[in-house]
2 protein chains.
Amino acid sequence: MSASVKSAQRLLAASGLARASLALTLSLPDQIAARLSERIVSGAYAPGQRIMEQALAAEFAVSRGPVREALRILERDGLVTILPRRGALVSDLSIAEVKEIFDIRAMLNGLRDRLIAEDASRKNVLAALEPHVAQLTRLARDTKRGHDYVETVWTINHVLTQACPSARLKTILDSLARQTLRYSQLGLATPERRRQSVHHWQNLLEALRKGDGAKAERIARDRVTDSRDAAIRALDEVNRPAATPRKPRAA
Amino acid sequence: MSASVKSAQRLLAASGLARASLALTLSLPDQIAARLSERIVSGAYAPGQRIMEQALAAEFAVSRGPVREALRILERDGLVTILPRRGALVSDLSIAEVKEIFDIRAMLNGLRDRLIAEDASRKNVLAALEPHVAQLTRLARDTKRGHDYVETVWTINHVLTQACPSARLKTILDSLARQTLRYSQLGLATPERRRQSVHHWQNLLEALRKGDGAKAERIARDRVTDSRDAAIRALDEVNRPAATPRKPRAA
DNA sequence: GATTGTAAGATTGTCAACAATCTTCTTGAC
DNA sequence: GTCAAGAAGATTGTTGACAATCTTACAATC
């Protein structure tokens, strides 16, 4: 058996998803990128942390070539920043950058939801969406289940993005969502914000049912903008009192 | 002297921009990507064409490593599509994909122009913009100078994007503009369309002067949407009568 | 004559080693 | 005690070679 196939299988075995026939269709760099992506999004790798090629190559039992390609993929997704002769750092977004990304998401989520509202074959999405929004309504009343609320919002967003009739938009939105995953939950930390949020989602569902694209767009936009403001307020709170000496950010 | 520095200089010499001290700050993959980008955007490489690593490595007198990284960069920019075990193909967009990208640009150009309109320090941009819009007004009257008109529109767009206060948005817009460069001119091929276009630009300039963000956004959006519809009409015209047997598209 | 199987060539994927550069630790002077 | 200079180590950038896979051309068969 070849070295590359052995490596791929080893990696799969380590990752716990050893469905060989299916998973082998993903290239080695793609697999490595996926696993690193998890770690970054979940916070296992801290923002600003340096990622060393050799250590990863050793861990995954591959050479540095595929690791380098994986890091390029993550750079494309905005999860790491590659500096010449310094290597890859886990992206550490400034407040200004978080705001920028939320602004872009506000526009593109608006487009997404408008396209879905105007899509003739949106019935399936609506059916898939309704139970989640109902769940959201219940969770919004319960002060203690903030985490579950955030999780459900994430699911709804995911369902909508996947239902988006524009492949290009889907790709961009996925990338932006991953980059701001850590910050989105900041914006839903208070029961008040969750009540405001659930209201948006209920209205969106109605607009989608009616096929009212303009309204769906407006709601999506307001929703993300509110989320942005809440997240930035939370970030300000966190940063100000401690006056934390932050590590040098990834430019 | 090291092999890598030698390679970089050789590449620079061949490219004709041998300002060593400045250009050497760009990594080898970046330089290669930049040169390939030119060729793709200019049409020297045809859509759907396969790009072979070894040939490029030989041409640029480097090994395949940097070439592979350059192709990853181009993939991020959407200029090539990399298929596993098949290598890189010059992106060949379907009409649906062109439409998708224009829709995204409509939203994000709207955001860009709104941000500029609401930016306190927009005076410089306005000053830089005015002569170009004046030039545009003159060119719109001249039926024969379609190419110059397109060129000037491109310049105006570039100035606006560079003036955008959001770095993240700047990056995305640059990438999208490059991907649709070939199609944008299709949408400005007729004198009528140019008259419609110049009207948009004049209105935008006024909205920017007044600091009217909402209006600037609306105008930008309409402008790109009009451009989209014209480009798609033109693409339909080109594709229908000949019934061209198109090469298999890069997915 | 068209179609399928096969073999040779071409091309991508991966690896290990070397060169260049950056970091860090030590050493020395003030 | 602090700071600067230098050396050792670590890390990235690049290369050439090998392995796996894909493409193409040719031949055999229906």
Side-chain angles (χ1 to χ4, degrees), chain A residues 1-12 20-21 23-34 36 48-75 80-90 247-248 250-251, chain B residues 1-12 20-21 23-33 36 45 48-75 80-90 247-248 250-251:
Chain A
M1 184 176 289
S2 80
S4 68
V5 171
K6 265 195 298 184
S7 299
Q9 290 189 340
R10 208 175 309 146
L11 188 55
L12 285 167
S21 61
L24 274 179
T25 61
L26 264 84
S27 74
L28 208 41
D30 282 334
Q31 293 175 52
I32 297 170
L36 294 180
Q49 180 178 337
R50 194 167 170 187
I51 300 179
M52 312 260 218
E53 297 174 0
Q54 207 159 21
L56 290 178
E59 182 187 344
F60 294 139
V62 298
S63 80
R64 281 172 51 223
V67 172
R68 282 175 72 84
E69 292 205 23
L71 291 174
R72 284 277 182 198
I73 294 171
L74 294 178
E75 187 192 23
V80 307
T81 307
I82 297 180
L83 299 176
R85 285 273 163 213
R86 300 260 333 252
L89 309 178
V90 177
K247 292 177 215 164
Chain B
M1 184 178 290
S2 79
S4 69
V5 172
K6 265 196 296 186
S7 299
Q9 292 190 339
R10 207 174 312 145
L11 187 56
L12 284 167
S21 59
L24 274 177
T25 62
L26 265 83
S27 75
L28 208 42
D30 283 335
Q31 292 177 52
I32 297 170
L36 294 180
Y45 285 176
Q49 180 179 337
R50 194 165 169 189
I51 300 180
M52 313 261 218
E53 298 173 359
Q54 208 158 23
L56 290 178
E59 182 187 344
F60 293 141
V62 297
S63 80
R64 280 173 49 225
V67 171
R68 281 175 72 85
E69 293 206 24
L71 292 173
R72 283 279 181 198
I73 294 172
L74 295 178
E75 187 193 23
V80 308
T81 307
I82 297 181
L83 299 176
R85 285 273 163 213
R86 301 262 330 256
L89 310 178
V90 177
K247 292 176 213 164

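Each chain gets a letter, A, B and so on, in the order its sequence line appears, and its residues count up from 1.
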Collect all protein-nucleotide pairs involving nucleotides 22-24 of chain C in which both atoms are nitrogen or oxygen and the distance is under 3.5 Å.
unit_1, atom_1, unit_2, atom_2, d
C/dT23, OP1, A/Arg86, NE, 2.8
C/dT23, OP1, A/Arg86, NH1, 3.4

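- In this structure, A/Glu53 places its CD atom 15 Å from C1' of C/dT14, rounding to the nearest Å.
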At a cut-off of 3.5 Å, list every protein nitrogen or oxygen paired with a nitrogen or oxygen from nucleotides 5-10 of chain C, distance to 0.1 Å.
none

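- The CZ-P distance, from A/Phe60 to C/dC15, rounds to 13 Å in whole Å.
- With the nearest nucleotide of DNA chain C identified for both A/Arg64 and A/Pro29, A/Pro29 has the one nearer the 5' end.
- Separating the CG atom of B/Leu71 from the P atom of C/dT11 is a distance of 14 Å, rounded to the nearest angstrom.
- Using a 4.0 Å heavy-atom criterion, one finds that A/Ile51 contacts the sugar-phosphate atoms exclusively.
- Taken from CD in A/Gln49 to CG in A/Leu89, the straight-line distance is 9.5 Å, to the nearest 0.5 Å.
- Residues passing the side-chain contact (heavy atoms from CB on, under 4.5 Å) test with A/Ala70 are A/Ile32, A/Ala33, sequence neighbours excluded.
- Using a 4.0 Å heavy-atom distance criterion, B/Gly65 is classed as a base contact.
- Partners of A/Gln54 according to the side chain to side chain donor-acceptor pair (under 3.5 Å) rule, which considers only residues two or more places apart in sequence or in another chain, do not exist here.
- Partners of B/Arg86 by side-chain contact (heavy atoms from CB on, under 4.5 Å), not counting sequence neighbours, listed by chain and number: B/Leu83.
- Atom CD in B/Gln49 sits roughly 16 Å away from atom C1' in C/dT11 (whole-Å rounding).
- The OG atom of B/Ser27 lies 6.0 Å from the CD1 atom of B/Ile73; values are rounded to the nearest 0.5 Å.
- In this structure, B/Leu28 atom CG and C/dA19 atom C1' are separated by 14 Å, rounded to whole Å.
- Checking side-chain atoms of B/Gln31 against main-chain N and O of B/Leu26 turns up a donor-acceptor pair under 3.5 Å.
- Rounded to a whole Å, the CG atom of B/Leu56 is 14 Å from the P atom of D/dT15.
- Listed by chain and residue number, A/Pro29, B/Arg68, B/Arg72 satisfy the side-chain contact (heavy atoms from CB on, under 4.5 Å) test with A/Glu69 (two or more places apart in sequence, or in another chain).
- Overall, the helix from C/dG1-D/dC30 to C/dC30-D/dG1 carries an axis bend of 20° between its ends, with five pairs at each end and the value rounded to 10°.
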- Item | Candidate pair A/Leu71 and A/Leu36, rule side-chain contact (heavy atoms from CB on, under 4.5 Å), full reasoning | CA-CA 9 Å; A/Leu71 291 174; A/Leu36 294 180; 4.2 Å; yes
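- Side-chain atoms of B/Arg68 lie closest to C/dG13 of the nucleotides C/dG13, D/dG13, C/dA16.
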